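Remember, predicted model here, so these are calculated numbers, not experimental data. Note on naming: letters A, B, ... go to the chains in the order of the sequence lines (proteins, then strands), and numbering restarts at 1 for each one.
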Amino acid sequence: MKETPLSICEKQTVIQGVKEGQRVDGRSLSEQRKTCITFGTEWGCCQVLLGNTRVMAQVSCSVQVPKSSRANEGMLFINVEMSTMAAEHFEAGRLGQQGIEVNRLVERCIKDSRCIDLESLCILVEEQAWEVRVDIHVLNHEGNLIDAATLAALGALCHFKRPDVTLDGRDVIIHQLDERDPVPLTILHHPLTLSFALFNQGKTCVLDPTNLEERSADGKLVMGLNAYRELCTLQISGDGVFIHKEAVLSCANVAASRAVQMVEMLKNSLADDAAERAKGKYTGLVNSVALETERITTQSQAEVYFKAPKHKVEVLDKEQLPITKTKLINDQGVVTLETSCDVSSSESDMEIEPLPSVAVKKIEPLPSVALKKRVHEEIDIGNDSEEETVMLVTSDLT
Amino acid sequence: MATDHKTLQPLEFYKTFLDRKTRPDGRSLLEFRRMTLNAGSIGTADGSAIVKCGNTAIICGIKAELVAPERDEPQKGLIIPNVTLPSLCSSHIKSGPPGETAQAATQFIAELVNNNIIMDLETLCIKNSKWSWVLYCDLLCINLDGSLLDACVMALVAALKNLSLPVVSYDEEMDKLISNIEDKMGFHGIKQPVTSTFSLFENGILISDPTFEEEQLAAGVISITMEGTSVTHLYKPGGCTLNEKQVKKLMQQSELKTKEVVKLIEEACSPMGVEPID
Amino acid sequence: MPVDSRRLQGPENSFSYKLLEKKNDNEEEAALSADLQKILIGTNKVRKDKRIPSDARPLCNVTITGIVSQAKGSAYIEQGNTKLVCGVYGPREVQKKSDFSLNGQLFCEFKFAPFSCQKRRGHQQDNEELVLSGLLREALEAAVCLHQFPKAQVEVNVMVIENDGSPLAAALTCASLALASASIPMYDLVIGTSVRQLPKLLLLDPTKDEEWEPELNHDEDNSNLTIGFMPSTHQIAAYVHEGVSKTEDLEQMLKLATEYCLKVQPVVQLCLKEVVEKTLSNESENKVDE
Amino acid sequence: METEEKSIRALKCEQSVLSRADGSVMFSQGNTVVMASVYGPLEAKIQKELSDRMYIELNYKPKIGMPGVAERGKEKLIKTTCNHIILTNLHPRTAVCITVQEMQDGGTLLAASINAVCLALLDSGLPLQCLVAAVTCLVDKKDRIVLDPCINTVKEGYKAMCTFAFDSQKYNMILSHCEGQVPYQLFQKAMELCQKASHVIFDFYRQAVLRKFSKELL
Amino acid sequence: MAEILLSEAEKAFIHHGVQDDLRCDGRTRLDYRPIILETGLVSNASGSARLRLANSDILVGVKVELASPSPDKPQEGRLEFFVDCSANATPEFEGRGGEDLANEICRFLQRSYASGDTINLAELSILSGQQCWVLYVDILILECGGNLYDATFMAVKSALYATQIPSIKVATMDGDQPELELSDDPYDTKRLNTENLPCVVTLMKIGNHYLVDPTPEEECCSSSGIVVAVSGNKKITAVRKIGSGSLHPDSLVSMLKTGSDVGAKVNKTLMIKLLEEKNLEKSQKVGFMR
């Protein structure tokens with residue numbers, strides 16, 4: 001399948017808009033889309049939503065013979081999976097140009113910056129060591145895959161716990177997760193990437209570009225940084241873009257301050273996850289399966305774009321009311337078989353015209369806690385970071 | 001004339017037969033094709049069997065090797081089945097890596113194996129968590145004319161019964177394996193699951209042991225695997241629907257076939273020089 | 001390293017139990033290189049399988065057509081324990097548009113079944129199989145009237161079920177029979193055979209352990225020759241010689257091989273004749289039916 | 001509550017989760033979470049093109065590692081099921097591309113994926129001749145039938161695990177797949193149980209669709 | 001081989017030329033085209049040679065590495081060939097186009113080097129069963145102007161001739177763990193005995209005659225021919241028919257004879273030239289600048 005081509009006028013609109021410091025989705029040039037991080041029941045499963053871009057990463061580990069060149073180290077293997085699910089022009093099983101680029105960048109950012117302490121993964125020098133494998137599944141491609149992928153990978157790695165091992169002489173005993181508490185990986189620092197789309201010959205840089213912007217931009221500037229404002233990756237790609245070093249520097253500044261917040265946020269959501277687990281009855285990704293109505297706040301373009309944080313909260317609450325998670329669980333949680341069901345089948349019947357009354361009935365005024373909190377969080381980021389960075393960019397670019 | 005009708009409207013052509021409760025190859029609806037089985041004819045394999053169900057011909061050859069067992073299942077041996085459909089077995093198959101059909105078949109067999117339905121994998125263990133046998137069972141289709149799974153399962157079972165390996169023992173203090181190739185042994189407790197495939201048509205007609213073109217025309221296939229009297233596998237990948245009554249009917253049919261096949265295998269594999277070890 | 005995700009992979013570190021017999025292997029090998037003749041044939045000039053040196057194994061269970069009912073033509077032969085089956089498809093259109101040619105084309109695939117040899121073989125075609133496929137193709141191209149089916153392709157698939165020496169020779173015979181049964185126009189049948197050269201001795205149609213092994217015996221006057229011979233046109237379609245030997249010896253070997261082929265020709269032709277008769281009779285019956 | 005017999009675990013779904021796919025759904029059944037997407041009808045590759053009906057390409061993506069033979073098995077099961085429920089002959093010479101991504105293993109992945117695919121197809125608006133609901137049940141060591149088992153129950157080991165799929169018209173069996181070994185009577189009981197259970201899922205489909213459209217009105 | 005299109009007239013012209021023993025480039029049937037050969041021009045390979053036979057351009061590099069010997073041949077080293085038909089030789093080689101040819105050549109190399117009296121692999125052994133030298137011979141076909149077989153073999157032979165194997169000492173330390181120590185002096189090296197390494201002669205049959213060293217044009221005139229590998233001591237180490245045509249036994253035999261004679265000559269001259277080059281050592285390397 002080919003990707004649907006981008007019309008010239010679409011492209012022009014984007015470019016023109018950027019010239020005037022406007023973006024199609026109403027963000028300022030140095031503003032990110034709403035980011036939300038969720039974790040699965042298995043250790044090392046992390047899903048990242050960056051606006052509509054959705055990426056899931058899963059970490060797994062296995063005992064292998066270490067490389068002879070690095071006999072006292074474990075191994076880290078990063079693999080990006082793209083399928084038609086993410087976009088029509090991706091092909092399952094075959095990474096295209098784009099896929100390889102993403103894969104390589106994630107590797108550079110996470111593997112080559114040696115943020116995982118590999119030596120702690122060695123069990124027996126030259127004989128046995130853990131190979132940690134990160135599978136990154138791109139689920140929906142709405143631009144800026146790289147940032148989403150790295151964030152997901154990092155999140156997964158932070159979340160991951162490997163089974164404990166003890167040595168009995170020469171032979172290794174691997175304890176199942178239920179025998180002994182699993183051990184988390186030792187993470188030395190938290191590198192992330194932040195990408196800018198470069199417009200009008202690299203004079204304007206746009207943070208966290210959407211697919212539309214990516215496709216109409218002249219080039220891309222990817223920065224890998226950690227929370228200590230240290231640069232670990234930098235790549236400028238694109239055909240014939242020149243970018244001033246001031247611009248790069250300003251981008252670096254923006255990126256750095258963002259990175260700090262992102263890592264902060266990641267840590268928070270990790271903490272929340274831990275708390276949730278502590279409560280027991282942990283359902284992992286099930287929580288991130290939102291109800292149709294909730295989607296208006298978490299997903300639907302209309303709300304995310306043309307933002308103004310203040311409203312959003314209200315919007316949220318308003319929309320929140322009708323149906324709620326708790327409600328759902330009741331209305332078909334544990335359904336016993338006695339429930340009489342008269343599902344008359346056949347497509348036509350399924351599409352009975354919706355009765356608003358149904359929706360009204362369902363009203364029950366207790367909005368989902370978890371969700372609301374999540375949204376707030378994001379908004380905070382939206383606010384405080386905004387002024388300074390915008391200022392930064394403008395000052396440097398004009 | 002008949003051939004023209006067949007090529008132009010295969011389904012109608014076929015339906016006319018079904019209406020008369022018969023089939024182009026002269027079988028009645030629930031009649032199975034003639035099965036022939038020949039065990040142990042391949043010298044280079046440790047165990048082998050050649051099965052023909054009608055035209056469908058499968059060769060199963062087993063190569064046994066030694067390996068340290070998996071960490072998580074130290075007391076189990078391994079059986080690695082692979083169904084191969086080489087380009088020579090049908091005009092519908094291109095040369096190259098195995099296609100969907102082959103892989104689905106492989107997976108089907110693998111599930112039987114992993115659920116200890118073919119044999120208890122623990123009997124393949126030589127020394128717990130040190131050494132065990134790994135049996136590479138390659139099912140090679142020479143002629144693909146429908147009911148692939150039936151023939152595969154049959155061939156695999158027969159080949160396993162025919163398997164003869166040197167007695168290998170593990171020497172504790174020297175920590176190595178010792179054996180002499182001469183004295184051979186077979187394996188005990190190889191079960192005899194039997195798969196019977198049926199095709200179904202929209203109008204609820206069921207036919208057993210379909211040929212390739214019958215499978216193409218039919219609206220769905222169903223493969224029932226039985227071991228003794230208990231169902232081990234009712235494999236029905238999609239296709240048109242079935243109700244309990246039909247399922248029952250098929251069960252009875254496959255029970256009949258099971259008996260026959262078991263007898264056949266017994267006959268084919270009885271005159272074997274090697275006595276099973278305990 | 002690319003893993004084959006389309007097949008079930010066994011553990012990498014498994015090894016054949018035959019390796020447990022290391023010592024014996026070495027002895028054998030030593031003996032082989034020391035005095036091969038003693039091993040292969042006793043003092044009374046008789047080979048392990050009771051053949052005299054200039055004797056070939058009989059062609060048996062030759063089954064033409066029917067063995068692969070799906071194919072246009074097919075054949076199965078056993079030469080001693082070397083068993084192989086061949087299926088012929090086409091003429092059909094060429095898959096790749098790029099390799100267009102006005103003449104017909106042959107596509108040959110030569111494959112050893114995983115269990116067909118002493119050592120377990122991989123599933124993908126390895127280098128040896130590729131080369132054998134090439135040789136097969138070149139030999140058959142000489143025999144088939146390619147100009148008879150322009151722009152089309154005939155596929156010849158050979159599968160070795162058990163390999164007990166001279167597989168290529170057997171494959172040539174088998175393939176040409178299959179082609180004939182598929183009624184592909186040919187100038188002549190290709191009959192394959194191979195000869196094993198030992199110092200001052202020639203063995204016709206060697207078995208696996210009589211065959212010349214590059215790893216084992218590489219002293220002088222040790223070689224293997226495989227030819228594909230077209231008896232009625234008296235032409236050589238395939239000629240593969242491996243190992244060291246003098247020109248004169250080669251001449252000898254060639255002579256022996258061709259003689260054998262001429263001997264076999266009537267047998268093979270008989271097999272074909274029967275098939276043709278059978279098919280004809282069937283057809284006439286069908287005629288009656290309609 | 002999850003191990004409780006004779007009950008289906010909580011069902012949840014979010015339709016059109018993916019902005020690019022024509023139809024997509026994130027479906028959860030207990031702790032099992034599966035995402036499915038549908039693209040189509042698209043133009044088919046020449047070698048895949050079918051003159052009389054639509055070609056269905058189905059990819060099942062495991063969470064860890066590359067898809068292997070096991071996944072191909074699942075793909076075949078789901079694909080053939082789709083072949084039955086989609087009115088493929090309405091779109092000849094086209095292709096539909098369905099992708100299933102396992103997100104969280106709560107025990108019954110196969111059943112969940114089939115249900116997810118069904119919802120995704122509903123969401124995409126492709127013409128279907130009926131819906132399909134899949135239910136897994138498990139016969140444990142003590143010959144007790146556990147409906148819709150959760151991961152722990154599965155890990156404890158079982159005599160047999162069967163997955164059935166039924167159509168929404170006559171509740172006949174479309175798909176059946178089982179691992180392990182059971183006497184026929186038990187097998188039959190299991191089948192009937194699952195058949196009953198399937199009604200609940202159809203019920204859920206209905207509500208899901210209802211909710212989707214009511215939301216669009218709001 | 002690289003396909004070129006010839007009109008019937010051109011073919012006829014070449015045919016007649018061959019008949020009158022006067023080929024288009026003025027050669028007789030048994031003449032070679034001029035050969036340019038240089039060894040040791042790849043500084044970071046243990047041995048290398050670049051050979052240019054008219055327009056056929058071959059670069060061979062040999063790398064020497066330590067490895068453990070194969071279990072069935074504990075007291076011998078290994079030779080490993082890899083042929084790469086680069087796409088800038090001819091457009092057909094693009095992608096996987098060259099693979100078949102590469103395979104054929106590679107296999108033929110292996111087979112003709114397999115026999116013991118061409119190369120003594122025991123020379124390469126260091127510690128029986130534990131350590132040995134492995135020679136990785138990488139052949140790069142840069143341009144093909146016909147007769148690749150001959151060119152390749154000559155190049156390989158020269159490269160192996162030029163190969164310098166560092167001398168290594170085995171010091172048995174206390175206990176049973178022997179230590180290998182490489183001598184510090186980089187010039188302290190030994191050369192292989194390449195006297196008997198085979199050269200190949202390709203004979204193409206055109207009309208009733210056959211000729212050596214065919215140009216691409218001649219190659220596509222001829223339907224069949226043979227390649228003969230001849231070792232230094234005039235022994236034939238491998239033969240294989242090429243092309244899709246067939247040959248009459250008698251002509252084949254005579255071709256074999258001629259082949260072995262020519263081969264011996266080629267071998268001799270090559271050795272002489274190599275020696276000459278060796279003696280005028282330390283002269284300026286010419287490299288590709290010509």
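- When each of His84(D), Lys74(D), Met191(D) is scored by its heavy-atom pairs under 4.5 Å with chain B, the top score falls to His84(D).
- Options Thr106(B), Asn243(B), Leu234(B), Leu112(B) differ in how many heavy-atom pairs under 4.5 Å they form with chain D, and the most are formed by Leu234(B).
- Taking 4.5 Å as the limit, every side-chain heavy atom of Met226(B) sits out of range of all side-chain heavy atoms of Tyr184(D).
- For the set Lys76(D), Glu179(D), Gln195(D), the count of heavy-atom pairs under 4.5 angstrom toward chain B peaks at Glu179(D).
- Checking Glu244(B) against Gln188(D) by side-chain atom types alone, no donor-acceptor pair falls below 3.5 Å.
- For the side-chain contact (heavy atoms from CB on, under 4.5 Å) with Thr241(B), the qualifying choice from Val132(D), Asp167(D), Leu175(D) is Asp167(D), the only one to do so.
- With a threshold of 4.5 angstrom between heavy atoms, Lys79(D) approaches chain B through side-chain atoms but not through N, CA, C or O.
- More than 12 heavy atoms of other residues, nucleotides or ligands sit less than 6.0 Å from atom CD of Gln216(B).
- For Lys189(D), the NZ atom counts as loosely surrounded, since its 6.0 Å shell holds 12 or fewer non-hydrogen atoms of other residues, nucleotides or ligands.
- Heavy atoms closer than 4.5 Å to chain D are found in both the backbone and the side chain of Gln103(B).
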Test side-chain contact (heavy atoms from CB on, under 4.5 Å) on Arg72(D) and Gln107(B) and set out the steps. CA-CA 8 Å; Arg72(D) 293 286 142 45; Gln107(B) 176 59 16; over 6 Å; no
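- If you measure heavy-atom distances from Glu100(B) to chain D, the contacts under 4.5 Å come from the side chain alone.
- Residue Ala165(D) does not touch chain B at all, counting heavy-atom pairs closer than 4.5 Å.
- If you measure heavy-atom distances from Phe187(D) to chain B, the contacts under 4.5 Å come from the side chain alone.
- Options Glu192(D), Gln185(D), His177(D), Lys170(D) differ in how many heavy-atom pairs under 4.5 Å they form with chain B, and the most are formed by His177(D).
- With respect to chain B, the highest number of heavy-atom pairs below 4.5 Å among Val182(D), Leu77(D), Ile78(D) belongs to Val182(D).
- Side chains of Gln181(D) and His233(B): no donor on one and acceptor on the other come within 3.5 Å.
- Counting non-hydrogen atoms of neighbouring residues, nucleotides and ligands closer than 6.0 angstrom, the NZ atom of Lys48(D) exceeds 12 such neighbours.
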